[in-house]
Amino acid sequence: LSWRNISRNLILAYQSFGVVYGDLSTSPLYVFTSTFEGKLQAHQNEEAIFGAFSLIFWTLTLIPLLKYVFIVLSADDNGEGGTFALYSLLCRHARLSLLPNQQAADEELSAYKYGPPNLVASSSLKRFLEKHKRLRTALLLVVLFGACMVIGDGVLTPAISVLSSVSGLQVTQPKLTDRAVILLACVILVGLFALQHIGTHRVAFMFAPIVIIWLITIFVLGLYNTIYWNPKILSALSPYYIVKFFRNTGKDGWVSLGGILLAITGTEAMFADLGHFTASSIRLAFAFVIYPCLVVQYMGQAAFLSKNLSSIDRSFYDSIPDKVFWPVFVIATLAAIVGSQAVITATFSIIKQCHALGCFPRVKVVHTSRHIYGQIYIPEINWILMILCLAITIGFQDTTIIGNAYGIACMTVMFVTTWLMALVIIFVWQRSIFIAAAFLLIFGSIEAFYLSAAFIKVPQGGWVPIVLSCFFMFVMYIWHYGTRRKYNFDLHNKVSLKWLLGLGPSLGIVRVPGIGLIYSELATGVPAIFSHFVTNLPAFHKVLVFVCVKSVPVPYVSPEERFLIGRICPRPYRMYRCIVRYGYKDIQRDNGDFENKLIQSIAEFIQMEAEEPRLSSSDNSSFDGRMAVISTNSIHSSSSLIVSEEENIEVITTMQSSKSSTIQSLRSVFEDENPQIRRRVRFQLPQNPSMNPSVREELMDLIQAKEAGVAYIMGHSYVKARRSSSFLKKMVIDIGYSFLRKNCRGPSVALNIPHISLIEVGMIYYV
């Protein structure tokens with residue numbers, strides 16, 4: 001390892017404290033309190049305290065350290081982690097995706113990585129899963145259910161973290177009522193959600209120091225309490241005390257596991273936030289800082305409680321020496337806010353990824369940072385989370401009840417990850433089924449044991465994440481079902497290519513100057529909306545581009561591979577197809593370059609088609625399907641066109657390239673501070689006598705059409721169930737899906753289409 005890699009991983013490890021470990025590091029605030037609630041109160045003795053600490057120690061060792069740090073972090077998807085990363089790996093290696101026309105959009109993606117040839121056993125299992133669509137649907141439902149539980153985390157984490165930290169005031173202020181504590185917690189929560197729109201990057205520099213100070217604090221407190229109160233607690237590191245704990249407590253001890261599992265809440269963040277860091281940096285931070293600090297803190301609390309059994313209700317704050325109470329209280333509150341912030345940001349990311357899979361209604365995505373990629377804010381989701389969080393805080397008013405709900409949500413996500421990892425071991429890592437079965441048996445049984453104990457507490461608040469998940473799953477199902485039905489209608493009502501060829505290059509109407517961008521979900525064929533245009537309008541644009549925006553099962557698509565360009569009908573028709581590809585974590589930015597990059601891509605395709613015979617054919621029936629990846633990394637890199645820019649500021653310099661003359665205006669600081677300033681890009685043909693006359697003519701038509709203007713054409717669709725449909729289907733389509741479509745963001749807003757250039761065509765879909 002070079003010094004540069006070591007220093008980079010150390011810097012990333014430092015940064016990860018504020019983003020990844022805020023939630024996990026604040027667990028000591030409520031673990032012992034939640035564990036000894038209920039029937040276990042009858043077993044409050046030194047042996048029970050020792051047994052509970054032994055359980056916490058081995059849980060931290062087996063799940064976060066062994067499972068996540070040593071195994072799961074290796075299952076990254078091009079550097080990205082989380083349940084969607086595992087699912088995308090499986091979609092690529094075993095064709096488990098349910099996304100329509102996926103193969104057409106996946107062509108020539110360098111991000112696809114494949115392993116060695118399949119083992120015989122994994123090949124048979126792979127064919128079995130690929131053959132049965134219901135199993136693939138079940139897999140998607142499991143992934144989405146895990147995603148819904150993450151959304152539940154976004155509601156529960158701020159509530160339990162902030163309420164636990166604020167409740168420490170009652171230790172020094174006994175007269176402070178519960179209502180006052182709840183009110184203060186609600187004020188902090190409202191402030192936390194109200195500040196989301198400014199973006200975490202503005203205060204991110206404070207996150208890591210806060211968590212590091214918090215970790216040092218709990219480590220010192222744990223060490224002090226261990227030495228001062230009961231050094232014998234070290235013997236509880238032996239798993240013998242776990243056996244003794246269950247022998248003495250029986251069923252009550254099993255039920256208490258719902259509190260023990262709160263010690264590992266936030267563990268999934270290590271994997272989910274992998275894309276912002278590296279596996280090595282996260283491993284370093286956890287193994288050498290987080291793990292020892294948490295173990296020592298829990299050890300210190302256990303040592304304190306073994307001699308102060310009456311302090312279990314507020315074990316953490318009671319264990320703090322009076323002289324340092326207020327500094328620790330302030331740090332605890334700040335650490336709770338940091339942990340909540342990380343989970344809220346992760347919730348925004350999960351919602352966006354669900355939308356990329358076609359399983360969530362369109363929402364407004366705001367980019368809160370121009371420099372940090374992936375920092376997003378979703379206003380609708382933010383306010384929904386705030387309302388739900390306040391309702392839970394005010395409704396329950398008890399961290400133990402909220403902890404019951406929180407434990408179910410976190411452990412369910414871990415359980416889903418375990419099952420997906422078992423499939424990844426078989427299909428992606430190409431390991432034996434027996435290795436995957438061993439992984440599933442060891443970690444799946446441990447998590448199932450904890451999950452069974454957590455579900456016992458469903459009546460005591462555990463129902464919250466289940467109800468939330470079912471609600472979001474219901475919304476996702478209705479949206480996915482309606483979207484699929486609408487897509488199938490388009491798929492079965494495509495315009496016949498023979499009909500288009502029979503109309504001739506003029507399409508039977510007047511072709512006027514300009515470019516028409518026709519948006520459709522179809523990656524192949526011509527949508528029915530086009531025939532609606534041709535038969536009802538007297539004129540149409542001279543250049544037509546059928547644009548299809550598709551999500552592919554990779555985290556990011558590089559700009560060089562964003563556009564997939566092809567031709568529809570012979571050259572005189574001037575009809576093209578463009579598939580715009582985005583990964584499930586890609587951000588569709590409104591930077592004003594889309595039109596220019598699209599024109600450049602088509603020009604490059606025209607030139608490439610003339611030079612490569614494989615892209616051209618005299619067979620008219622095969623025109624729709626042959627496509628090529630066109631690099632659009634820079635609008636100035638075109639070899640087919642001369643590109644120039646015009647701005648309201650002075651042209652700074654002129655650059656000469658080896659292939660073509662390019663006039664380039666450099667962006668000024670003034671433009672960076674005023675993003676509303678748009679550049680006007682003009683295209684010209686280079687002076688190249690050797691250029692094919694037909695290519696020159698087509699490029700000239702493209703340039704003239706661009707100068708005439710670009711229109712965006714979309715279908716303003718109304719989806720209704722057929723009269724012969726069942727009552728349930730009519731309820732889902734006519735009421736549920738219609739309600740979601742009316743109250744979500746329109747497709748033009750989601751795709752950043754300029755309203756002034758938008759043409760919408762009404763069309764009714766009977767599905």
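Below, all heavy atoms of this structure are taken into account, side chains as well, without hydrogens, waters or symmetry copies.
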Undergrad: Using a strict threshold of under 4.0 Å (side-chain N to carboxylate O), is an ion pair present between Asp490 and Arg485?
TA: no

Undergrad: For residues Phe546 and Phe530, establish whether the separation of their ring centroids is below 6.0 Å.
TA: yes

Undergrad: If you measure from OH on Tyr477 to SG on Cys359, what distance do you get to the nearest 0.5 Å?
TA: 12.0 Å

Undergrad: Is there a donor-acceptor contact under 3.5 Å from the side chain of Arg362 to the main chain of Arg741?
TA: no

Undergrad: When rounded to the nearest 0.5 angstrom, what distance separates CZ in Phe271 from CG in Asp76?
TA: 7.5 Å

Undergrad: Determine, stepwise, if the pair Asn488 / Val767 fulfils side-chain contact (heavy atoms from CB on, under 4.5 Å).
TA: CA-CA 8 Å; Asn488 289 333; Val767 298; over 6 Å; no

Undergrad: Contact between Phe193 and Cys389 at the side-chain level, heavy atoms closer than 4.5 Å - yes or no?
TA: yes

Undergrad: Looking at Arg92 and Asp77, is there a salt bridge between them, counting it only when a charged N and a carboxylate O are closer than 4.0 Å?
TA: yes

Undergrad: Rounded to the nearest 0.5 Å, what separates atom CZ in Phe360 from atom CG in Leu144?
TA: 11.0 Å

Undergrad: In this structure, is the centre-to-centre distance between the rings of Tyr737 and Trp479 below 6.0 Å?
TA: yes

Undergrad: Starting at CE of Met386, measure out to CD1 of Ile381 and round the result to the nearest 0.5 Å.
TA: 13.5 Å

Undergrad: Answer yes or no: is there a side-chain heavy-atom contact under 4.5 Å between Phe145 and Thr412?
TA: yes

Undergrad: With a 3.5 Å distance limit and no angle check, can you tell me whether Ser452 reaches the backbone of Phe449 through a side-chain donor-acceptor pair?
TA: yes

Undergrad: As a quick check of understanding, evaluate side-chain contact (heavy atoms from CB on, under 4.5 Å) for Thr265 and Leu262, giving each step before the final call.
TA: CA-CA 5 Å; Thr265 54; Leu262 294 178; 3.9 Å; yes

Undergrad: Apply salt bridge (charged side-chain N to carboxylate O under 4.0 Å, His left out) to Glu268 and list each qualifying residue two or more places apart in sequence or on a separate chain.
TA: none

Undergrad: Quick one: OG1 on Thr157 to CG on Asp153, what's the gap to the nearest 0.5 Å?
TA: 5.0 Å

Undergrad: Would Glu521 and Lys550 pass as an ion pair if we require N to O under 4.0 Å?
TA: no

Undergrad: Phe489: what forms a ring pair (Phe, Tyr, Trp, His ring centres under 6.0 Å) with it, not counting sequence neighbours?
TA: Tyr765

Undergrad: What pairs with Glu380 under salt bridge (charged side-chain N to carboxylate O under 4.0 Å, His left out), at least two apart in sequence or on another chain?
TA: Arg745

Undergrad: Hey, mind stepping through Phe415 and Val142 against side-chain contact (heavy atoms from CB on, under 4.5 Å) and telling me if it holds?
TA: CA-CA 10 Å; Phe415 197 56; Val142 169; over 6 Å; no

Undergrad: Got a sec: does the NZ of Lys729 have more than 12 other heavy atoms crowding it under 6.0 Å?
TA: yes

Undergrad: Nearest 0.5 angstrom please: Ile282 CD1 to Asp273 CG, how far?
TA: 7.0 Å

Undergrad: For the residue pair Tyr519 and Ile753, establish whether any side-chain heavy-atom pair is separated by less than 4.5 Å.
TA: yes

